[in-house]
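What follows is one structure encoded as structure tokens, with my remarks underneath.
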Amino acid sequence: QQQVRQSPQSLTVWEGETAILNCSYEDSTFDYFPWYRLFPGESPALLIAIRPVSNKKEDGRFTIFFNKREKKLSLHITDSQPGDSATYFCAASDNYAQGLTFGLGTRVSVFP
Amino acid sequence: EAAVTQSPRSKVAVTGGKVTLSCHQTNNHDYMYWYRQDTGHGLRLIHYSYVADSTEKGDIPDGYKASRPSQENFSLILELASLSQTAVYFCASSPRGAQDTQYFGPGTRLLVL
């Protein structure tokens with residue numbers, strides 16, 4: 001059973017639009033939710049992260065909205081640019097020792 | 001800038017053969033991880049380590065061994081490579097564990113024939 005689920009699997013938006021990526025999780029003990037971005041041929045890199053003490057985290061054009069009660073979060077990319085085209089992974093962790101549990105990713109394509 | 005390197009960057013192996021993937025970090029991080037990436041499975045944790053000479057099983061350890069001979073080096077060993085182990089393997093390091101930034105290496109593309 002997938003502990004971290006992402007939707008949609010792929011997403012196409014036009015330049016300037018807002019892309020919305022969804023993520024949900026099963027384990028109530030998860031208390032750290034990072035989003036990693038992967039450009040083709042490169043390494044995953046941390047984009048932004050949130051902890052359940054907050055319901056929103058913003059960094060430039062990237063915003064995480066978090067709903068602890070429903071175990072859902074979403075990543076909003078405002079004013080999408082072609083350079084944002086990549087695969088975005090939602091991940092979760094419940095302690096410092098284990099690694100991250102990743103979702104399957106959402107492939108985002110931004111067309112000019 | 002954090003630095004994690006992996007070798008080889010790509011490898012073709014035969015079924016039943018032994019494969020060793022190496023990872024080296026110059027970040028002075030205690031935590032190191034091995035993940036594999038497959039289409040349809042995202043990134044999955046194979047093994048991790050939080051101190052030299054000790055390794056821990058991740059979510060999918062079957063068919064893999066790990067070795068952490070020093071803080072800087074972390075190897076992934078496939079004793080008997082199988083077709084199902086064809087994937088991209090990423091190594092990562094982190095200063096304070098999974099709830100801190102993980103710095104990934106460039107990945108190793110492994111093809112088992």
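Since we're looking at a predicted model, the values are computed, not measured. Sequence lines set the chain letters: A, B, ... in the order given, protein chains first and strands last, and positions in each chain run from 1. Computed over heavy atoms, backbone and side chain alike; hydrogens, waters and symmetry mates excluded.
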### Query
Where does A:Tyr36 contact chain B at under 4.5 Å (heavy atoms): side chain, backbone, both or neither?
side chain
### Contacting region of A:Pro44 [heavy-atom separation from chain B under 4.5 Å]
both
### Query
Which of residues 104-113 of chain B have a heavy atom under 4.5 Å from any heavy atom of chain A?
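Within residues 104-113 of chain B, the residues that come under 4.5 Å of chain A (heavy atoms only) are B:Phe104, B:Gly105, B:Pro106.
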### Query
Under 4.5 Å, heavy atom to heavy atom, which residues of residues 77-85 of chain B contact chain A?
none
#### Entry: Contacting region of B:Gln102 [heavy-atom separation from chain A under 4.5 Å]
both
### Query
Which one of B:Leu43, B:Asp38, B:Leu45 has the most heavy-atom pairs closer than 4.5 Å to chain A?
B:Leu43
### Query
Quick one: CG on A:Leu100 to OG on B:Ser94, what's the gap to the nearest 0.5 Å?
8.0 Å
#### Entry: Spacing of CG belonging to A:Leu75 relative to CD1 belonging to A:Ile20, to within rounding of 0.5 Å
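Those atoms lie 10.0 Å apart.
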### Message
Please find the pair of heavy atoms, one from B:Asn73 and one from B:Arg68, that lie closest to each other, and give the distance.
### Response
O-CD, 3.3 Å
### Heavy-atom closest pair, residues A:Phe89 and B:Gln37
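Minimum heavy-atom contact is CZ-NE2, 3.9 Å.
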### Message
Could you go through A:Ser74 and A:His76, starting from their C-alpha distance and side-chain angles, then the distance that decides it, and tell me whether this counts as side-chain hydrogen bond (donor to acceptor under 3.5 Å, both in side chains)?
### Response
CA-CA 6 Å; A:Ser74 60; A:His76 291 224; 3.3 Å; yes
### Query
Given the rule in the side-chain contact (heavy atoms from CB on, under 4.5 Å) test, do A:Ile77 and A:Tyr88 qualify, once you have shown the distances and angles that lead to the verdict?
CA-CA 11 Å; A:Ile77 307 173; A:Tyr88 293 78; 3.8 Å; yes
### Message
Check this for me, if you would: do A:Lys57 and A:Asp59 make a salt bridge, where the nitrogen-to-carboxylate-oxygen distance has to be below 4.0 angstrom?
### Response
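No, this pair does not count.
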### Query
In this structure, are over 12 heavy atoms from other groups packed under 6.0 Å from A:Arg107 atom CZ?
no
### Query
Between A:Leu104 and A:Gln9, is any pair of side-chain heavy atoms under 4.5 Å apart?
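Contact flag for A:Leu104/A:Gln9 side chains = no.
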### Message
Using side-chain heavy atoms (C-beta onward) and a distance below 4.5 Å, is A:Gln81 in contact with A:Glu15?
### Response
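In short, these two side chains touch, coming nearer than 4.5 Å.
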### Task
Check the angle between the aromatic planes of A:Phe33 and A:Phe66 and answer parallel, tilted or perpendicular using the 30° and 60° thresholds.
tilted
